[in-house]
Structure formats: structure tokens, C-alpha cells
Amino acid sequence: MSQDSYHPPAKKFKPGSPHSNPNWRGAMQPGPRKQPVPIDQQRRGLPIYQARAQLIGQLRQLESAVIIGETGSGKTTQIPQYLYEASIGRQGIIGVTQPRRVAAISLAARVSEERKTELGKLVGYSVRFEDVTSEETKIKFLTDGMLLREAIGDPLMRRYSVVILDEAHERTVHTDVLFGVVKTAQRKRKELGKLPLKVIIMSATMDVDLFSQYFNGAPVLYLEGRQHPIQVFYTKQPQSDYLQAALVTVFQIHQEAPSSHDILVFLTGQEEIEAMTKTCRDIAKHLPDGCPQMTVMPLYASLPHSQQLRVFQNAPKDHRKVIISTNIAETSITITGIKYVVDTGMVKAKKYNPESGLEILAVQRISKAQAWQRTGRAGREDSGICYRLYTEDEFEKLEKMTVPEIQRCNLASVVLQLLVLRVPNILTFDFVSKPSQDSLQSAIEQLDLLGAVEKKEDQLILTPLGKKMAAFPLEPKFSKTILISSKFHCTEEILTIVALLSVDSVLHNPPAKRDEVQAARRKFISSEGDHMTLLNIYRAFKNLGKNKEWCRENFINSRNMMMVLEVRAQLRDICIKMSMPIESSRTDTRNIRQCLAHGMFMNAAELQPDGTYTTVETHQLVSIHPSSFLFHCKPACVIYNELLHTSKCYMRDLCVVDADWLFEAAPEYFRRKLKRTKN
Ligand code: ADP
Ligand code: MG
């Protein structure tokens, strides 16, 4: 594999005007769609198949290895099977981690299909709140977060013979922590003379020296890819509206290219993608004769699974498939048939400022590495074309690599997990890339405020409350809220609310039916905010016998609602194991809001005399997100679930609280915050 094949001479184009690329125009004959190929033949046709024997030979010998291969070469689906077929690691489970839940599920489904077994038998998956494995499972796909949780119960990872840390280039915070956990497990197993643990790191990008060094100079194995040449075009001028530019570019391609050439568009998030999908569908209805039909498919992590799977299917004959996706299609999901990539150059990702403690989700520029990954999606089966909706100068100014998430997120959960794993000193933990001391300190401070940790003889230890908090697969602020709910006699309701906030939204908002949706929602809306409104919806759903028809009429996503039931039941089990009394506050919502205020006091915002809001923690100017049921209201004091930065900094999912409750929850903290404001 050579990265050079990625860097064809780039040309410039202007969205909206037909560009003048002779090669492209020359390729405009209608192309027939390929017939489906039997699955065994598909396996043999993957680039990795050529290297099978050699790979097996090398992996049998090696304790740790780093494998690099272009996305789509077959690393994730084939390597676990090759190991299994060659009886490597048969004494235990071959675990393969994925940063994304949807990838873990769809990969497990694909590999069990390739092995012609039922999902959950030989091949299974485990993601938060959902475990589809059995005694027989030997190849297990799991999110990096799940493996980390398993390590809490068993730091030596005894059930595993092989751990594959996949998509390592994504550098999610969980994968980064797993590096350290797996390395320790491997060393300790060796020292104790136990079954060795084989560690394989897989990456789609070349910059793996760091991983190799970290694993004591583990050899790097390169897979020969099948990258076809890709032409890259930049815009002549910077684009002020990347959505408009993307739309124009899609239809420009659509009018000129044969219908078998599919298009993949990279946008940043669900709302944007749904809106663009609708616009494309509307425009496609009114195109002149002779233009092919268009099948537009959205793709994002919280899309219902069945709809996600649609992107793998061919579009009907004479239809062009246009997939509008988040960065999920960058590496974790491989879609065949893509000839064109439209790259807006934007991504929604976390940003964190340890000084202010502020973590926000923001739309920001991608890195060069991401830009090349996106480009690469166009050249899997044949030569392709990538339109970058930014200028070459703008490209040159992008960061070279994506900053690891561990260096740009709130580390409270991570520190809590490391403490449960009995890491002796968090500040000196062997991280692949160290987070800043400031953000570690700030995480420790937050855990201290939540009452999860204390200092004993200069050692940071978990309090009994902290230990209990770590038992929940939740962010510390949510586990804390559940744990204090018995004091407020509203555990039933808090479990429901936390479950509702832990799954993808139960609200289904088809843009075409806005008025109907509003009419149907009205009866549930609580002036006390989104948490209470969601609680009303859940109660109605439950009282009416969990009825699918009811969900449809009320624009509720029934699949996600079923997931809420499932998650709630699991959280409730954890409470029961801890002998927590589980009471309901029934019609009294004051207790519930008081409890939320006590658990989430660090996420509070206050109305200012000029009608704006600022957060209590950092005095950041924030607004109520338009999706909130409180959008047109001005409550004096709220807690919010998260901050999202698009054109402004928005608070999402709000609950009206009393300022006094916040003071009661953490008097010291608020005294300090107030002092700071006065100074
Ligand atoms: P890599 O890990 O190297 O990116 P994968 O093993 O994920 O590659 O994918 C190899 C090929 O398997 C893909 O190009 C695609 O053709 C096929 N594939 C993977 N997942 C699915 C799926 N869920 N449905 C259909 N085909 C799939
Ligand atoms: Mg992969």
C-alpha cells in the first residue's frame, strides 16, 4: 500500500458551474450495476486475502502487532476469522473493539453471516445495554467502552486470548485508555505464567509509530490495499455555506454522471443530514427527463439500525445512491459502489477547555488525515473523484492529525474508571498520549465535588459513593443522580429519565409533518422542561400497554422506546443489587427536579437581566436549543444535559430548577463560583 496513490494532482472547481475535467466527462457512459457475488467469493476477493497465509504465520508468532490497511481491505471482518480458522487463540475469546456501537453490531452481523452461523453463537457482540453473546462465542465484537468496563471486573482479561484494538487511528478516549489496560494485562499475565494475551492494533492510517513504540516495538505489518487513483478537486473560493455547496455539487454530479456511480457526502450531524436528505429528495422529484432517479439515504450513529443497513444495499436499477453521512463512513463502515465523495471539510466533535471545565460538541474543521480518509472512500472499486468544498489553501491550514479525544474531553469518567481499576497514580498512568495535567486535575476536582473521591495520605482513593457510581455504565453525573434519588423518594422517575437520556432520541420529528408532530406532542409538554416532558411521554407509553400503534400516532420512535425499557430495567437491577429503596414520587415533580439539580449542579445556567443565559460553572454565554420544549420560555434557572456549539452555544435537554436547590447541593462550590463573578 502506498500513500502516494492518495495524492493525485488536485484541481479546482466552483460548485454550481460545470467544471472542465476531460477525464471525468470522458467517463460518462452508463455503467451496469454489478450482480451480487456469493459471500465466500466476496471474502476471497478482498485485498487482504492475498496476504492470508503470511499474516497467519506472522500473527501466530507475535505477541503484539500493529496492522495498517486501507479501509475496506478486510482487516476487521477477516483477521478475526483468519485467527479462528488457524486455531490461534482458540483457548479463549478473540475480542475486537470498535469505537462505535453501530459498527460493532453491523460487523458482528456480517461476520456471523460469513461464517454461516446465527448471530450470538460463534460470533457475537456486546455494546452498552445490549449483550448478544453466549457460551459458544469465540469472536466477539464490542465497543471499546464495553471492554473497559469488563476490565473492571477482570483486569487480566482472562477470558480473552486475543484483543484486537481496531480503528486505533480514531484515538477515542476509550481506545486510548484500553492501550494502557491491555498492556498491563499482557505484562501481568506473562509474569504470572498465565495464557499469553495477544494484542493486535489495527489502523487505517500510517502514523502508527506511536502504537508500535508503546507496545515495546511491536512489528508493523502493512497490507497491500487496492486503492484506485482518485482525482481531488478544491473549490476556487472559500465557501461560506458548506451545506449549499454540498447540495449544488451533488446535483451537478447527478446531472452528468451515469446512474451506477454512487455519491457519498460528508456532513456533521443528524439534523443537518435529515434536512439535506429531504431537500435532495424534493429536488430529485422535479428534475428534467433523462436525469436518473435518485435514492437518498441518511447515515448517522443514532439512525435506527434497520435504516443504517440500507446503505449496504444496491439502489434500484437506474437509480443513483446518494449517501449523506457523518464521519461514521470515514472508516468504520465500508460502503461499496462509491465513485464520488463530497467532503464539506467539517465534523462535529468534542472540544474541551480544562481551565473552564467546559466540554462542548462543536462543528469544526477536520484534520488532513481525515480529509485523506474521506477521499479514499471514492477509490475502493475503481478510480474515483473527490470534491473538497474548501480551497487548497484552506486544506493546507488544516491540522495534520486529529487530536486524540483524550486531549480534548472531560476526563471525569476516565479517572473514575482508572481508580476502579486500581491504577495507583492517575497522574503518572502510562497513557499513549498524555492528557494535560490540567484536565486530569480538573477531572479529579469534579469527582471530588460529586463526592466520588477523597485524598488519603496523598493518595487519591474512591469513596464508597464513588465505588457505587462506577458500577453504573453511565457518566458520573448520571450515576450520582440515580444514587441520591432515594433521598428524594423518586428513584423510579430518575431511572426513567436517565434511561431516556441514555438512548437515541425517542422523539421522531419528520420535517414534512411539523404541524402534526406539534399537535401530537402538545398533550405531553411540561412547562418544567424536557426531562419532565420525556417522563410524561414514557408514562403514557407505559400506561397504554407499550403500544406500537400509539408510538406511530404520536411520532415516538418505538424501537428507541423499547430500548429505554431495556436500559431502565438494567439500571434498576444495579440499584436492587445495591439494596437501594426504589420509590416513586408519583405526581410530585418537585422532588424529581430537586434530585436532578443535586446530581447535575455542575451543568446549571442562569437567566441574566438582559435576557441571555450564562452557565454557572464558566459564565459562558449559552442559549436554549430550538429542539427544547423550553425554547420560547425564559425560566430563571435551569440544568442542561449537554452543550452544543453550532452558530451559537446551545444547551440541550433542560429542566427548570430552583437556584436554592443548587446551593444546597454544593454550597462550597457555589460560594467559590460567586466569589469569582464578583471579582
Ligand atoms: P476494513 O476493516 O479493512 O476497513 P472490513 O473488514 O470492515 O474492512 O470490510 C471488508 C469488506 O467487507 C467491505 O469492503 C465490504 O465489502 C464488506 N462488508 C463489511 N461489512 C459489511 C456489512 N455490514 N454488509 C455488507 N458488506 C460488508
Ligand atoms: Mg475496519
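What you see is a predicted model; the values in this text were computed from it and never measured. As the structure lists them, so they are numbered: ligands from 1, and atoms in each ligand from 1.
With respect to atom 4 (O) of ligand 1, the closest heavy atom belonging to the protein is Gly72 N, 2.6 Å. Counting protein heavy atoms only, atom 8 (O) of ligand 1 is closest to Gly74 N, 3.1 Å. In terms of protein heavy-atom proximity, atom 2 (O) of ligand 1 is closest to Thr76 OG1, 2.6 Å. The protein heavy-atom contact nearest to atom 22 (C) of ligand 1 is Arg110 CD, 3.7 Å. The protein heavy-atom contact nearest to atom 6 (O) of ligand 1 is Thr77 OG1, 2.6 Å.
The salt bridge (charged side-chain N to carboxylate O under 4.0 Å, His left out) search around Glu167 returns none, not counting sequence neighbours.
Taking the ring axis of Tyr84 as reference, the NZ or CZ atom of Arg90 stays within 45° of it and closer than 6.0 Å to the ring centre. Geometric assessment of Arg388 against the ring of Phe395 yields a positive cation-pi assignment under the 6.0 Å and 45° thresholds.
One of the N, O or S atoms belonging to Thr76 lies under 2.8 Å away from the Mg ion (ligand 2).
The distance from ligand 1 to the heavy atoms of Ser106 drops below 4.0 Å at these ligand atoms: 23 (N). Of all atoms in ligand 1, listed by their number and element, those nearer than 4.0 Å to a heavy atom of Leu46 are 10 (C), 11 (C). The atoms of ligand 1 that sit less than 4.0 Å from any heavy atom of Thr71 are 4 (O).
Residue contacts with ligand 1 for Thr336 involve side-chain atoms from C-beta outward but no N, CA, C or O (heavy atoms, distance under 4.0 Å). For Asp166, no heavy-atom contact with ligand 1 is shorter than 4.0 Å. Both the backbone and the side chain of Lys75 come within 4.0 Å of ligand 1, judged by heavy-atom distances.
Between Glu70 and ligand 1 there is a heavy-atom distance shorter than 4.0 Å. A heavy-atom separation below 4.0 Å is found between Ser73 and ligand 1.
Electrostatic pairing of Glu63 and Lys198 does not count as a salt bridge here, judged by no charged N lying under 4.0 Å from a carboxylate O. With respect to Arg171 and Asp176, a salt bridge is recorded, a charged nitrogen being found less than 4.0 Å from a carboxylate O. Ion pair Lys75/Glu70 not flagged as a salt bridge, since none of the NZ, NE, NH1 or NH2 atoms sits closer than 4.0 Å to an Asp/Glu carboxylate oxygen. At a threshold of 4.0 Å, the pair Asp131-Lys140 does not count as salt-bridged, since none of the basic side-chain nitrogens sits closer than that to a carboxylate oxygen.
Between the side chains of Tyr300 and Glu274, at least one donor-acceptor pair of N or O atoms lies under 3.5 Å. No side-chain N or O of Arg320 forms a donor-acceptor pair with one of Gln293 less than 3.5 Å apart.
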